[in-house]
Structures are given as structure tokens and as C-alpha cells.
Amino acid sequence: MKLKFEEMYNALLNKDSSYEGSFFAGIKTTGIFCRPTCTARKPKKENVEFFHTSKEAVLHGYRPCKVCHPLEHLGFTPEYIKIILKKLEKNPDEKLKDSDLNELNIEPNKVRRWFKKNLDITFHEYQRMLKINSALHQISGGEKIIDSAFDSGYNSLSGFSHAFKNATGSTPSDSAEINIINIMRFTTLLGPMTACATEKGIYLLEFSDRKNLNDELEYLKKTLHAKIIFGQNQYLDMLKEQIAEYFSGTRKIFDLPLHTPGTDFQNLVWKKLIDIPYGEHRSYKDQALAINKPKAVRAVGKANGSNRIAIIIPCHRIIGESGKLTGYAGGLWRKQWLLDFERKNSSL
Ligand SMILES: [Zn+2]
């Protein structure tokens, strides 16, 4: 049985221990998630969202609270897991490798099993999400970022440290005129996605593990002279619904206002992508011909790769002339999945 929002919110206010384990509360303003009984200050209603599992909270961009330790099950979390959670809590950027665990006299396989069993996520995925979540919060919250944070950790997510260094210089917090970009994270069959919108429409939809995601966020921030904050937005609600319909196979065409700041050429290429019907694919050469620039095959490929609105602007429908998949920022396995899914679905 699903709990109602009101009931969970009241349980949260009352620190009702009978609800332990049945829900987790994500606090939008801090990017932290808590147990019902957390003793930290309780959030306003509009700043909470609830999850039934800690895995969902992590996948939606939240980090575990340092006060109530929501990943520790009451009473029976092994000491070695507590040590690891505490270490990662202190420094989400640190990657704990097998050698680090061995040094702590902790058996790496035991750790992997615990994460898989209790969080239904691999230890590697957990660390990766934690890193992304804390980075996303910093970049969207406009927090001052200390240089030492760049010392380690972000290497595997290329572009992060670069984007952050720029972020400190470009946060438009001292300006009177600031636009707001709302950011939302949600999960799909193919993993967590990140979406951005303003009151004008959709600006970004990407798989959250996309390498240049933070560069894209920075670009939007600068171009729109805006601040990125977690929050509700009518277009994000519509997007979430339409993407769910897409993944259930009932939606083939999207109906959302899209905004794609970029060069004229890029916009020409992106517009042509939308013309490729669901279930079909084209080559870069086809697309170059379609915009009457038969020689611009490479440039078309490049513009294709800089698309910020995945799935809806279907850059996944472009493959190499030989039929090879070529690149996809969301990962080739996702591209393959999307093409297979659409092909099967369009013949129904
Ligand atoms: Zn808490």
C-alpha cells in the first residue's frame, strides 16, 4: 500500500518511529535525504519529496543526511559499512578502491555484497551517484566552491572541475536580474536523467551520467544569465509524463516547447533531427543533404553530438553510413536500446 504525502509529512514532523524504513524524505533545498525520525530541522512542505527506498533517493540526486544516517538500518549495520559511509559522507569525491578497503582491513567483496543487497545498487554506482549528486547540488545551489575540492575525484567525470572553476567566477548572484532555470532529476528504464526548464520551456534533457553534463549546465547558466535550482516547473512535469509515456511505448511524438540556444547551423541540424520519424534512422550524410549542405557531413556530426535535449531531439536516430552505431553521449548501449525499442514499437 502506498502512503499518502500528508501522512508521510506528518510522520516526518512528528519524528514518528513507526514509519522507520517505510519512507525516506528528500529535502530539495539541501539535496539531502533523511529518515522519518531525523532530529534535524524539518523542511517546509513544498521542499520535500518522498521515496520508498533509499535507492530511489540516491538516484534522484540526494545525499544521505549526516544527522540521521538514512543508509544505516536500525541497529544492524555492520561496523565496516558505517566506516565506509562516514568516509564517503565526509568526502563524496573520494573514490574508495579495493586497495583502500584492504588498507582499512575491510573485505571488498563483503562491501559489494552489502550495497547490492541493502541498496540494490553496486558499490561503484553508489560512489558515482554520490559524486554526481554532490556536484549537482553545488553547481545548482551556487555554493562557493573551494579550490581544494578540485584536487581529486572529478577526473572520471571529465569537465567537472573545469565547469566548477568557471562556476565560481560566473555565478550571477550579485546581479539584480537573474533568470531561474529549474532542474529536476528522475529515473527511467535506462537510468537517471536530468532535465532543465524555465517558464518558457525545456532546455535540457540528458542521462545524468553524460560526460559533459556540467559543461552544458554551465553553458545554459551563462547564456540565459541564470541560476539553476531544484524545483517544480510546469514544463518539467509535462516532460516527465511524456518521457514515461515514451518508455511505455505509447508516445512517439513529443509536444513540448523546446529551447536550444546555439548557432544557426546547430539549430538547422537539430530541427532536421526532429523530422526523422520514430522507428527510422538516418546517416550523417542523409542529414547533410537534408539541410542542403552535402559537404558538411562532419559539421553535422558535431552539431548532432552537441544536442542537449536527448530522446526528444532524437540524435540517437543517426547512425554511420555503414550501419555502424557511431557515438552517443548517453552511451552506445542506450542508443542501441532506443533504436531497437522504437523499431519494435513502430511495427506494432
Ligand atoms: Zn536527517
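From a predicted model like this one, the values you see are computed outputs, not experimental measurements. Indexing begins at 1, ligand by ligand and atom by atom, following the structure's order.
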(Q) Suppose the cut-off is 2.8 Å; how many protein N/O/S atoms fall inside it around the Zn ion (ligand 1)? (A) 4

Report, one line per pair, each donor and acceptor closer than 3.5 Å where one atom sits in a side chain of residues 107-117; sequence neighbours left out.
unit_1 : atom_1 : unit_2 : atom_2 : d
Asn109 : OD1    : Arg112 : NH2    : 3.1
Arg112 : NH1    : Asp98  : OD1    : 3.2

**Q.** By side chain to side chain contact (heavy atoms under 4.5 Å, CB included) - contacts of Val48 (at least two apart)
**A.** Tyr9, Leu12, Ala25, Pro43, Phe50

Q | NZ or CZ of Arg63 within 45° of Phe33 ring axis and under 6.0 Å | A | no

Q. Who are the salt bridge (charged side-chain N to carboxylate O under 4.0 Å, His left out) partners of Asp275, not counting sequence neighbours?
A. Lys272

**Q.** Within 6.0 angstrom of Lys293 NZ, more than 12 heavy atoms from elsewhere
**A.** no

Q. In the single-linkage hydrophobic clustering (I, L, V, M, F, W, Y; side-chain heavy atoms under 4.5 Å), do Met8 and Ile27 co-cluster?
A. no

